[in-house]
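Labels below follow one simple rule: chain letters A, B, ... track the order of the sequence lines, proteins then strands, and each chain is numbered from 1. Just so it is clear, the model here is predicted, and its values are computed rather than measured.
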Amino acid sequence: MTLDFPVIFLLPTNLGADELHELEEQIPTLTYDINEAEVILGNVHRKQRVLFELRKHKLVTEEISTTETDEPTSPSLKRRRFQTPGSVITEDSDTASDGDFHPLLTQSTQSTLKAAPTTVKVVKLAWFTESLKAGTVLPIEDYTLYRGRKQQSKPAKLQQASPAKAANIIKRALADPKPSSHGSRPGSSHSTTSHGRRDHFITKAPALLHMTTSEHEVELPPIPAYLHTTYACQRPAPTHPPNEPFIEELTKIRTARTLLGDKIGVRAYSSAIAALISYPYLLQSAFEVARLPGCGLKIAQLYQEFREQGELQEAKEDESDPRLAVLKLFHEIWGVAETTAREFYNKGWRDLDDIIEYGWDTLTRVQQIGVKYYDEFQQKIPRAEVESIANIILEHANKIHPGFQMVIVGGYRRGKLASGDVDVVLSHPDKAATRGFVEQIVVALEQSNYITHTLILSTANTERGQEPVAWKGNEKKSGTGFDTLDKALVVWQDPHWTTGEKKNPNPHRRVDIIISPWKTAGCAVLGWTSGTTFQRDLRRYCKKERSLKFDSSGIRSRADGTWVDFESGPNGEPAPDMLTAERRVFEGLGLEWRPPEERCTG
DNA sequence: CGGCTGTACTG
DNA sequence: CAGTACA
DNA sequence: GCCG
């Protein structure tokens with residue numbers, strides 16, 4: 001039984017990701033183009049909110065007062081009446097909304113938007129859900145929040161006039177790969193966009209990006225389901241994606257943005273890069289790029305340039321910019337970021353010797369260390385050495401207090417053949433063992449002459465989550481409070497050498513030692529394994545989709561600040577080991593577990 | 001048009 | 001407080 | 001720079 005719904009656009013507002021997806025599956029007449037919609041369905045209840053949503057979606061309408069009838073304004077449009085018992089729904093539309101695709105569309109639609117219905121209703125979600133329950137399309141009036149007449153403001157020239165608009169059209173066109181696609185590329189045989197989604201757009205080119213003749217025939221592979229999300233933590237991100245060369249070019253631009261202190265630009269490029277890393281096919285066209293999350297007109301144009309030129313002008317200019325080269329050099333000093341790098345540059349310094357000669361005394365302690373070991377810190381650490389360093393740390397830990405477990409995290413765990421530093425997470429099932437342990441282990445390793453310097457010792461403390469209501473919270477969770485996720489960022493040098501030099505020839509290494517209480521070891525491992533973009537998106541996902549606050553020392557509810565434990569078993573028994581704990585965190589957050597090698601978001 | 005990760009140390 | 005670090 |  002398929003109910004005869006009008007063409008519906010679904011507002012994602014106030015819907016969880018799962019909810020949204022479920023509804024999308026249920027709506028037989030779903031459109032992803034708000035302009036096509038006869039009915040806009042949303043989990044909203046006030047007209048004010050409706051107006052906001054319409055503005056947001058750039059749908060310009062003029063309200064139809066409730067007394068007015070929604071008689072069509074355009075003369076030529078046919079009227080359709082839904083055969084719902086008692087329904088007063090009338091729609092004017094020149095498009096068939098009963099779900100069959102008319103060949104004539106290919107003629108009339110390509111130039112701009114297809115002729116859309118001229119009025120639209122914004123309706124409470126309950127109308128749809130209750131209709132489903134009732135097995136019939138319920139009268140819509142009782143649920144209608146707003147009726148509007150669309151402004152006839154879409155002349156065909158618009159797409160010429162504004163590249164941005166045209167790009168939107170391209171993007172929409174590409175958002176719906178033809179289900180009929182019999183492409184030869186992997187995965188293209190079964191469509192992921194089957195649920196009643198109507199594709200009015202054909203692979204004809206709106207003229208913004210130049211298409212070659214052959215491209216007209218190219219059938220784009222369907223977007224893998226996981227690329228319908230903007231969260232990098234919901235997608236596999238391999239070390240070596242098929243489009244690595246293009247990604248490298250984008251990374252150059254991102255680096256320049258970093259040096260210039262353009263945080264938002266960095267964010268934007270990082271999102272685009274992360275999406276491209278997850279794209280499993282070799283790209284063929286700019287349109288294919290524009291439909292990916294985080295990739296818009298700009299990134300699509302850059303791809304176009306890359307395909308034609310094999311490189312990006314902007315990246316090339318950045319690379320040959322002498323100022324950026326100096327900023328990059330300075331930025332690579334541990335303890336120096338873009339502001340200080342720029343400061344140094346503005347003092348007229350151009351290399352490390354300038355810093356040493358003219359500015360040594362102005363450097364902070366860690367910056368001095370960063371300069372001193374600049375070359376050694378630039379060298380990558382082979383996996384075998386990472387393992388050997390980690391094992392020394394674990395041995396020392398167990399000498400202090402047997403029973404420690406360790407996971408080597410960071411790039412090593414993601415499979416990198418060589419790492420910039422060594423990251424280890426240590427934990428112990430006994431809560432008493434981890435409290436204040438970071439100092440002990442650092443002292444022990446100093447005494448064994450492995451640690452030569454301590455850059456940062458973080459004793460993030462038992463009092464975290466200390467409420468303003470501490471007086472009543474004394475009995476809070478009676479001692480199960482989260483204490484320290486402590487860490488030490490240190491400089492390491494193997495004190496043993498055999499070659500007879502008087503000076504230790506072993507390179508200094510950057511080592512991060514993280515101590516986690518057992519309860520949150522899963523969060524610690526998850527937090528310290530993934531790339532930056534994965535991390536950001538994980539936190540953003542927790543906030544927006546789960547109302548949770550994630551950080552590597554635990555998860556809290558944003559509503560009431562209470563701690564959320566996904567790691568313990570059903571009866572509160574602690575996780576058997578740190579990797580199991582990590583899996584439980586994924587599960588608890590509603591995320592598919594990914595092996596570390598697939599968390600290379602860049 | 002606002003938001004874009006979250007936390008802790010250093011000076 | 002601004003700057004830096006970590007993933 | 002992109003998303004909602």
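Here dC4(B) is the nucleotide among dA5(C), dC4(B), dA7(C) with the atom lying nearest to any side-chain atom of Ile264(A). The nucleotide whose nearest atom lies closest to any side-chain atom of Asp421(A) is, among dC4(B), dG3(C), dA7(C), dA7(C). Checking dC6(C), dG3(B), dG3(C) against every side-chain atom of Lys544(A), the shortest atom distance belongs to dG3(B). Of the candidate nucleotides dT5(B), dG1(D), dG6(B), dG1(D) has the atom lying nearest to any side-chain atom of Ile299(A). Side-chain proximity of Trp528(A) to the nucleotides dA7(C), dC2(D), dG6(B) is greatest for dA7(C). Residue Ser458(A) places its side chain closer to dC9(B) than to any other of dT5(B), dC9(B), dC2(D). If you check dA5(C), dG6(B), dA8(B) against the side chain of Leu489(A), the one that comes closest is dA5(C). Listed nucleotides: dC3(D), dA5(C), dG3(B). Nearest to the side chain of Trp334(A): dA5(C). Nearest to the side chain of Thr364(A), among dG6(B), dA7(C), dG11(B), sits dG11(B). Distances were taken from every side-chain heavy atom of Ala337(A) (C-beta onward) to each of dA7(C), dT5(B), dA5(C); the shortest belongs to dA5(C).
In terms of phosphate contacts, Arg558(A) brings a side-chain nitrogen or oxygen within less than 4.0 Å of OP1 or OP2 of dG6(B). In this model, the phosphate group of dC6(C) is approached by a side-chain N or O of Arg510(A) to a distance below 4.0 Å at OP1 or OP2.
Between the NZ atom of Lys263(A) and the P atom of dA2(C) there is a distance of 12 Å, rounded to whole Å. For the pair Leu548(A) CG and dG6(B) C1', the computed distance is 14 Å after rounding to whole Å. Across the protein-nucleic acid pair, Arg365(A) atom CZ and dG11(B) atom P stand 7 Å apart, rounded to whole Å.
The pair Arg510(A)-Asp512(A) meets the salt-bridge criterion, since a charged nitrogen lies less than 4.0 angstrom from a carboxylate oxygen.
Among the atoms of the strands shown, none is found under 4.0 Å from any heavy atom of Ile273(A). Across all strands shown, Leu457(A) has heavy atoms under 4.0 Å from sugar-phosphate atoms exclusively, and none from any base. Residue Asp537(A) is classed as having no contact, given no heavy-atom separation below 4.0 Å to the nucleic acid. Counting any heavy atom pair closer than 4.0 Å across all strands shown, Arg413(A) reaches no nucleic acid atom.
Both tests do not hold together for Arg546(A) against Tyr541(A): distance to the six-membered ring centre under 6.0 Å, angle to the ring axis within 45°.
Using cut-offs of 30° and 60° on the angle between ring planes, the pair Phe246(A) and Phe306(A) is tilted.
Across the P atoms, dC3(D) and dT5(B) are found 15 Å apart, a figure rounded to whole Å.
When the shell of 6.0 Å around CD of Glu376(A) is examined, it contains more than 12 heavy atoms from other residues, nucleotides or ligands.
How far NZ of Lys298(A) is from OH of Tyr269(A): 3.5 Å, rounded to the nearest 0.5 Å.
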